[in-house]
2 protein chains.
Amino acid sequence: MTERAERRRRTERRILEAARKLFADLGFERTTIRAVAKAAEVDPALVMQYFGSKQDLFSEAVRVAPAPVAPGDTDELVEQLLGSLCMKMGELPQGSLAMMRSMLTHPEAAASARAVLSRQIHQIGESIPGDDARMRAALMTTIMLGVTVGHQLLELDELREVPQADIARVLRPALKAIASPRTE
Amino acid sequence: MTERAERRRRTERRILEAARKLFADLGFERTTIRAVAKAAEVDPALVMQYFGSKQDLFSEAVRVAPAPVAPGDTDELVEQLLGSLCMKMGELPQGSLAMMRSMLTHPEAAASARAVLSRQIHQIGESIPGDDARMRAALMTTIMLGVTVGHQLLELDELREVPQADIARVLRPALKAIASPRTE
DNA sequence: CATTTCGCTCAACGGACGTTGACTCAACGA
DNA sequence: TCGTTGAGTCAACGTCCGTTGAGCGAAATG
C-alpha cells in the first residue's frame with residue numbers, strides 16, 4: 001500500500017464517520033456538506049469529489065448490515081429481540097441511528113427503513129405460528145421500534161433512568177403474549 | 001362581524017390548514033413558506049404578516065389539545081389506549097401528524113413531543129400499580145408511539161392491510177401484561 | 001532528475017429560501 | 001363624500017447551501 005492510497009483511505013473514512021455522526025444527530029436536512037467537511041478537517045469540495053453528492057454520502061452513511069434472525073422457537077426469538085434492544089441502548093451503530101433519525105422526513109431514509117423493517121417482519125413472521133403471524137410480527141417489530149425511538153432519539157428520561165435489564169424484564173411477557181397466539 | 005374581519009379569518013384559516021397538511025406530509029424543513037402560500041392561494045408575504053415567522057407558523061400548526069386520560073382501573077386504561085389508537089388510524093388530527101413527522105429532526109417538535117409523551121406517561125403511571133409504574137407507563141406509551149409511527153408515518157403495508165380491530169385484539173394482552181406487574 | 005499522477009484547496013456560481021418594505025385597492029367610519 | 005384602515009400583492013435583499021472547475025504541491029513513476 002502506497003503512502004498516498006493509505007492517506008486517501010484514512011481521509012475518506014474520517015469524512016464518512018463525521019457524516020455518520022452528523023446525520024445521526026441532526027438528520028439529513030440539517031446536516032450540511034460544509035459541516036461534515038469542517039468536522040473531518042477537510043475542504044467541502046473533497047467530500048463531493050469522494051462521494052459524488054450529499055445524497056450519495058447519506059446512502060453510504062446509512063448502509064448497515066442487517067442482523068440476521070436465527071431460526072428457533074418463540075422464546076428464543078423474543079430473547080433475541082430483547083438482546084438486540086439492549087445492544088441498541090448501548091451502542092447502536094451510527095449508521096442505523098442516522099437512518100432512523102431521518103426516516104420520517106427524508107424519502108430515501110423512509111424507503112430504507114421500510115426495507116429493514118419489512119425484512120425483520122418477514123423473518124419474525126416465519127418464526128411464529130398462526131395464520132396472522134405476519135401482522136403479529138409487524139406489531140412486535142413496531143413495538144421495538146417505538147421503544148428504541150423513545151429511548152435513543154427522543155431520549156425520554158423515563159426510559160433513560162432505568163437499567164436495560166428492567167426494560168427487558170417488563171417487555172418480555174408483552175412480546176411473548178403477541179408471539180404466541182390465543183393466550184388470552 | 002364586518003366583511004373584512006370575516007374574510008381575514010377565512011384566509012388565516014386557509015393558510016393554517018395548508019400549513020398543517022404540508023408540515024404533516026413533508027416535515028418542517030421540506031415545507032416552504034412559498035409552498036404553503038401557493039396551497040392557500042395567497043402571497044408568501046401574507047403568511048409572514050399573519051404568523052410572524054416559519055417557526056411561529058409551525059408552533060401554531062402543531063398546537064393540539066391533549067386527550068385527557070380518565071381515571072379508572074387497569075382494564076379501562078388499556079381499552080382507552082387501544083381506542084385512541086383506532087382513532088389515530090382513522091383520522092389523527094393533522095396537527096398531531098405534523099408534530100410526529102418532525103419530532104426526530106426538528107428541535108422544537110422534539111420538545112413538544114417529549115412534553116406530550118411525558119404527560120401521558122405521568123397520567124398512565126398514576127393509573128397503574130407497582131413501584132416501577134413510571135417505567136411501565138413509559139413502555140406502554142412508546143409502544144403506542146411505535147405502532148402509530150409504523151402505521152401512520154412509515155405506512156407499513158403489514159399494518160395497513162389489517163383491520164384496526166385485529167390490531168387492538170393482538171395488542172390488548174400485551175398492554176395488560178405490562179400494566180399489571182408480576183403476571184409472568 | 002523530469003514528468004506524471006492525484007489528494008486537496010480555493011473561489012465562485014446558481015438556485016432556493018425566509019424575510020422585508022413599499023405599494024395597491026377595496027372596505028370602513030365619520 | 002372623503003380620508004383612513006387594513007387585506008393582500010410585488011419585487012427585492014441577504015443568506016445559506018450543494019455543487020463545480022481551475023489550480024497547487026507533494027508523492028509516485030520512469
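Here is the naming used below: chain letters follow the sequence lines, and residue numbers restart at 1 for every chain.
- Atoms NZ (A/K54) and P (D/dC16) sit 15 Å apart, rounded to a whole Å.
- Regarding A/E29, its CD atom lies at a distance of 11 Å from the P atom of C/dC17, rounded to whole Å.
- At a threshold of 4.0 Å, the pair A/R63-A/E60 counts as salt-bridged, since one of the basic side-chain nitrogens sits closer than that to a carboxylate oxygen.
- Here the options are A/R14, A/R20, A/R13, the test is salt bridge (charged side-chain N to carboxylate O under 4.0 Å, His left out), and the partner is A/E17; only A/R13 passes.
- Of all nucleotides listed (D/dT9, C/dT19, D/dT19), D/dT9 comes nearest to the side chain of B/Q49.
- Tested against A/K176, the residues A/D75, A/L77, A/T74 include a single side-chain contact (heavy atoms from CB on, under 4.5 Å) partner, A/D75.
- The side chain of A/R4 places no N or O atom within less than 4.0 Å of a non-bridging phosphate oxygen (OP1 or OP2) of D/dA27.
- Side-chain N/O atoms of A/T11 include one lying less than 4.0 angstrom from OP1 or OP2 on C/dC8.
- Comparing atom distances between the B/R34 side chain and each of D/dT19, C/dT19, C/dT9 picks out C/dT19 as nearest.
- For the pair A/F51 CZ and D/dT19 P, the computed distance is 14 Å after rounding to whole Å.
- For the pair A/Y50 and C/dG7, the criterion of a side-chain N or O lying under 4.0 Å from OP1 or OP2 is not met.
- Listed nucleotides: D/dA28, D/dT9, D/dC17. Nearest to the side chain of A/T2: D/dA28.
- Protein atom CD of B/E6 is 15 Å distant from nucleotide atom C1' of C/dC28, rounded to whole Å.
- Per the geometry, CG belonging to A/D56 stands 11 Å off P belonging to D/dT20, to the nearest Å.
- Put simply, B/R7 has a side-chain N or O that comes within less than 4.0 Å of OP1 or OP2 on D/dG8.
- Distance CZ (A/R8) to C1' (C/dC8): 11 Å, rounded to an integer number of Å.
- Checking C/dC28, C/dG7, C/dT19 against the side-chain heavy atoms of B/P44 singles out C/dT19 as nearest.
- Counting to the nearest Å, the P atom of D/dC10 and the CE atom of B/M48 are 18 Å from each other.
- Listed nucleotides D/dT19, C/dT9, C/dC17 differ in distance to A/A45; the shortest reach to its side chain belongs to C/dT9.
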